[in-house]
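Predicted, not measured: the structure shown is a model, and the values here were computed from it. All values below were derived from every heavy atom in this structure, side-chain atoms included, with hydrogens, water molecules and symmetry-related copies excluded.
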Amino acid sequence: MEPTMEALQPIMEARPKPAQRTTVWVWTGYSVAERDRRWNAVRERGREAGFDCIFVPIGNGIDARYLTQLKNSAVIMSTDGREPIVVADRGSTNDWVQNPKFTVRAWGQPMAEALQEAGMERARIGVVGLLGGKLSHVRLPDGTVNHTAFSQVQEALPNATFEDATDVVGMVRYVKSAEEIDCLRHATRMAEAGVDELVEMARPGADAAVVYAAVTERLLTMGSEWYPLALTIGQIGEPERRYTNPPLGMRFKANDLIGNEVSAVWGTQVAQADQPIVLGPISEAWKAAIELQREAYETGLAAMKPGVTFAEFIDRIRGIKRGELSTTVLLHGRGAGDDGP
């Protein structure tokens, strides 16, 4: 069912009027209690790691947003319990960060001044996003920090020590609160609606780009942030091609196998629904593979419990075989995501 404008009105009304024409709206639905939970957890992990402060510089948008609910910001969080200093785009404020230090375009000098104000001239500073982490930014081994701005900070604080602290925030992000789980459930409902739209639209002869656009429209209309839809299209048994943009000039054909990654974002929580679609009859060989996949899925769901290691989880599923058919496992982090929305 398509959402009505009446149902969408609360979402639209929740969008604050921008303080200036360049201010970008961003979802800010988490409570102040959730902010305090995140801040306290980051401070504690930072102290345990021996850092005087945790520094999230410009370039690492997802971790800064995790701590501020602002679209663009940098965060200096002392581990001794003091209020963090936040540098943000001019006009960007919210309930979490009511008095940030504003910058217009340059970030290096304002970040350096904020660190100096916090007394970090000779501190051990943990930089979040300097390198890829174990649980976040895992596809970015060289990190996500803006090099020029960060270099200016280092030049301004020559006696400070800067070390990677990506896992300090990554480990906190990894454990979800009740508020985050509620958002993830809502994102899941939107992703499932996107799959429903794909199943409804995908037919032999249908324009693949139009179908791609329709699924994207369904997600955005429901309130999801933009996240690229991925389609993998090809004839059964033949090479496939993956698209993360509309596949222009392509039409679906009979017996196409359509793999898909339909992702929706609510409260920065990314939920992904995957539902392979065959545009034609399913062969007996494929039916056997489908049954094996269903068994592997149900086994994995039953095994996914607190205390079970990733290795144990993977071994349970890899052990499932039926004749010449066997299973393999791909684990992919979601929630706030390994890269973020």
Side-chain angles (χ1 to χ4, degrees), residues 2 138-141 187-222 224-265 270-301 313-314 317-334 337-341:
E2 293 289 343
V138 298
R139 294 179 174 179
L140 300 169
T188 300
R189 289 190 289 269
M190 291 192 289
E192 290 172 342
V195 170
D196 291 342
E197 186 74 18
L198 180 59
V199 171
E200 179 68 23
M201 294 283 293
R203 295 287 185 275
D207 188 315
V210 172
V211 175
Y212 186 105
V215 176
T216 301
E217 180 187 26
R218 180 72 178 272
L219 297 171
L220 296 177
T221 301
M222 293 183 72
S224 173
E225 296 183 37
W226 181 84
Y227 197 103
L229 168 67
L231 297 179
T232 304
I233 306 171
Q235 291 279 286
I236 294 177
E238 296 182 6
E240 303 166 337
R241 184 173 176 182
R242 189 172 186 269
Y243 301 87
T244 54
N245 285 302
L248 300 176
M250 173 180 287
R251 291 187 178 275
F252 291 119
K253 301 185 294 293
N255 297 316
D256 267 347
L257 173 62
I258 307 171
N260 50 80
E261 300 167 15
V262 184
S263 302
V265 185
V270 186
Q272 185 179 100
D274 297 37
Q275 177 58 63
I277 299 168
V278 177
L279 300 184
I282 299 174
S283 68
E284 291 302 318
W286 273 80
K287 288 179 181 178
I290 290 170
E291 288 303 315
L292 179 60
Q293 185 183 44
R294 181 177 288 113
E295 181 180 352
Y297 179 82
E298 295 296 339
T299 299
L301 201 61
F313 176 82
I314 291 171
I317 299 175
R318 280 182 175 168
I320 301 174
K321 296 181 180 180
R322 295 292 179 271
E324 296 182 356
L325 296 174
S326 61
T327 57
T328 187
V329 185
L330 172 64
L331 296 178
H332 192 17
R334 277 303 175 216
D338 50 17
D339 301 315

**Item:** Contacts of R189 that satisfy salt bridge (Lys or Arg N to Asp or Glu O under 4.0 Å) - sequence neighbours left out
**Value:** none
**Item:** Sequence-distant partners of E284, side chain to side chain donor-acceptor pair (under 3.5 Å), two or more places apart
**Value:** K287
**Request:** Using side chain to side chain contact (heavy atoms under 4.5 Å, CB included) as the criterion, list what pairs up with A264, not counting sequence neighbours.
**Result:** M190, A191, L219, S224
**Message:** List the residues meeting side chain to side chain donor-acceptor pair (under 3.5 Å) with D207, not counting sequence neighbours, and say none if there are none.
**Reply:** none
**Contacts of N255 that satisfy side chain to side chain contact (heavy atoms under 4.5 Å, CB included) - sequence neighbours left out** = Q235, P281
**Item:** Residues in side chain to side chain donor-acceptor pair (under 3.5 Å) contact with E295, at least two apart in sequence or another chain
**Value:** R322
**Item:** Partner set under side chain to side chain contact (heavy atoms under 4.5 Å, CB included) for L330, not counting sequence neighbours
**Value:** none
**Fill in**
Hits for salt bridge (Lys or Arg N to Asp or Glu O under 4.0 Å) against E291, two or more places apart or cross-chain, chain-then-number order -> R294
**Which residues share a side chain to side chain contact (heavy atoms under 4.5 Å, CB included) with I314, sequence neighbours left out** = R318, V329, L331
**Asked** When rounded to the nearest 0.5 angstrom, what is the spacing between CD1 in I233 and CG in N260?
**Response** 10.0 Å
**Prompt:** Pairs in or reaching into residues 238-248: which pass salt bridge (Lys or Arg N to Asp or Glu O under 4.0 Å), with residues at least two apart or in two chains?
**Reply:** R242-E261
**Fill in**
For R251, the salt bridge (Lys or Arg N to Asp or Glu O under 4.0 Å) test, sequence neighbours excluded, returns none
**Request:** Please list, chain by chain and in numerical order, all residues satisfying salt bridge (Lys or Arg N to Asp or Glu O under 4.0 Å) with E324, sequence neighbours excluded.
**Result:** none
**Asked** Is the backbone N or O of I317 less than 3.5 Å from a side-chain atom of T327, with the two atoms forming a donor-acceptor pair by type?
**Response** yes
